Amino acid sequence: MSATTSQAPVLADTTVDHTADIAAITAIVGNSETAYNTNDAELLTADFAANATVVNAMGVLLTGRDELLAANRAGLAGFLKDLYVRYEVTDITFVRPDVAIAHKVARATTADGTLIDIDPAMIAVYVLVKENGRWWAAARQNTLVPSAE
């Protein structure tokens with residue numbers, strides 16, 4: 001069978017009720033928002049696996065939780081210190097009962113939470129894995145969204 005005629009599989013798990021999983025993954029994104037807005041590098045790193053990989057919004061690849069924590073500490077104490085965001089989970093797809101892909105969008109806000117950005121300024125994709133009953137971020141990719149001008 002040639003590549004042009006083969007059917008690609010749909011990777012979507014429907015074998016279990018994912019209601020609690022959706023809440024847990026949404027809470028991970030919520031932890032990130034709280035951490036960013038309070039300059040809490042430990043909380044920002046808390047939901048990442050020990051061997052997680054992250055590509056930040058500047059295109060820098062960070063490998064491992066220690067490297068991610070160091071980058072989060074430096075960023076939140078430096079150029080991100082007085083910046084605030086609102087995150088929104090836009091979708092979660094379960095490719096297996098214990099593997100999910102989630103997208104979030106980010107908008108800049110004032111310190112009191114008033115939106116600065118009408119449209120998302122960044123989109124992120126997470127790969128999450130459920131291990132011993134808990135969801136962990138195994139990978140995240142951040143991409144800045146060009147502003148429409």
Side-chain angles (χ1 to χ4, degrees), residues 8-13 15-16 18-149:
V10 173
L11 300 177
D13 177 69
T15 64
V16 298
H18 286 291
T19 303
D21 298 322
I22 292 168
I25 291 168
T26 301
I28 287 172
V29 173
N31 287 345
S32 293
E33 179 181 311
T34 298
Y36 191 102
N37 290 336
T38 60
N39 299 315
D40 186 338
E42 284 73 18
L43 180 59
L44 192 57
T45 310
D47 294 309
F48 284 86
N51 62 335
T53 59
V54 170
V55 176
N56 69 19
M58 305 311 292
V60 176
L61 174 64
L62 305 166
T63 303
R65 192 174 174 148
D66 292 342
E67 190 173 336
L68 178 58
L69 179 58
N72 287 341
R73 284 180 175 152
L76 292 173
F79 72 101
L80 300 174
K81 184 175 181 172
D82 295 318
L83 300 178
Y84 304 91
V85 296
R86 184 178 306 164
Y87 293 151
E88 175 189 355
V89 176
T90 57
D91 64 86
I92 301 172
T93 301
F94 294 91
V95 294
R96 300 281 185 264
D98 60 348
V99 178
I101 298 171
H103 290 91
K104 78 175 180 191
V105 293
R107 292 175 175 84
T109 72
T110 62
D112 68 3
T114 302
L115 283 176
I116 296 171
D117 294 323
I118 303 301
D119 295 319
M122 187 195 72
I123 186 167
V125 61
Y126 285 75
V127 176
L128 300 118
V129 177
K130 193 173 190 179
E131 181 72 25
N132 296 322
R134 185 198 192 287
W135 285 95
W136 295 94
R140 186 184 72 211
Q141 164 78 48
N142 295 327
T143 303
L144 295 174
V145 176
S147 60
E149 293 187 42

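Keep in mind it's a predicted model, so treat the numbers as computed, not measured.
- Listed by first and then second residue, the salt bridge (Lys or Arg N to Asp or Glu O under 4.0 Å) pairs that reach into residues 26-39 come to none, sequence neighbours excluded.
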Is there a side chain to side chain contact (heavy atoms under 4.5 Å, CB included) between D119 and V145? Walk through the geometry before answering. CA-CA 9 Å; D119 295 319; V145 176; over 6 Å; no

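- A138 and V129 make their closest contact through CB-CG2, 4.2 Å (heavy atoms, listed as atom of the first residue, atom of the second, distance).
- Rounding to the nearest 0.5 Å gives a distance of 5.5 Å between CD1 of I123 and OG1 of T90.
- Annotation: side-chain hydrogen bond (donor to acceptor under 3.5 Å, both in side chains) contacts of D40 (sequence neighbours excluded): none.
- Evaluation of the salt bridge (Lys or Arg N to Asp or Glu O under 4.0 Å) test over residues 65-78, restricted to residues two or more places apart or in two chains, returns E42-R73.
- In this structure the side chain of R86 never reaches within 4.5 angstrom of the side chain of N37, judged on heavy atoms.
- With rounding to the nearest 0.5 Å, the separation of CG in D98 from CG in D13 is 8.5 Å.
- Partners of V99 according to the side-chain contact (heavy atoms from CB on, under 4.5 Å) rule, which considers only residues two or more places apart in sequence or in another chain, are V95, R96.
- The shortest heavy-atom contact between L69 and A41 is CD1-O, 3.6 Å.
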Give every donor-acceptor pair under 3.5 Å between a side-chain atom in residues 106-115 and any protein atom, sequence neighbours left out.
residue, atom, partner, partner atom, Å
R107, NE, I118, O, 2.9
R107, NH1, E88, OE1, 3.3
T110, OG1, D112, OD1, 2.4
T110, OG1, T114, N, 3.2
D112, OD1, T114, N, 3.1
D112, OD1, T114, OG1, 2.8

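- Among residue pairs with one or both ends in residues 48-62, none qualify as salt bridge (Lys or Arg N to Asp or Glu O under 4.0 Å); sequence neighbours excluded.
- Residue pairs meeting the salt bridge (Lys or Arg N to Asp or Glu O under 4.0 Å) criterion with at least one partner in residues 129-140, sequence neighbours excluded, are D21-K130, D47-R134.
- Taking the side-chain contact (heavy atoms from CB on, under 4.5 Å) definition, one finds that D91 meets it with T93, H103, sequence neighbours left out.
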Sequence neighbours left out, cut at 3.5 Å: what donor-acceptor pairs do the side chains of residues 22-29 make with other protein atoms?
residue, atom, partner, partner atom, Å
T26, OG1, I22, O, 2.8

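- Between Y36 and L76, the shortest heavy-atom contact is O-CD2, 4.0 Å.
- Evaluation of the ring pair (Phe, Tyr, Trp, His ring centres under 6.0 Å) test over residues 123-142, restricted to residues two or more places apart or in two chains, returns F94-W135.
- With a 4.5 Å cut-off on side-chain heavy atoms, Y87 and V105 do not count as touching.
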Would you be so kind as to tabulate the donor-acceptor pairs closer than 3.5 Å made by side chains of residues 49-62, with sequence neighbours excluded?
residue, atom, partner, partner atom, Å
N56, OD1, M58, N, 2.9
N56, OD1, G59, N, 3.1
N56, OD1, V60, N, 3.0

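- T45 meets the side-chain hydrogen bond (donor to acceptor under 3.5 Å, both in side chains) test with N72; sequence neighbours excluded.
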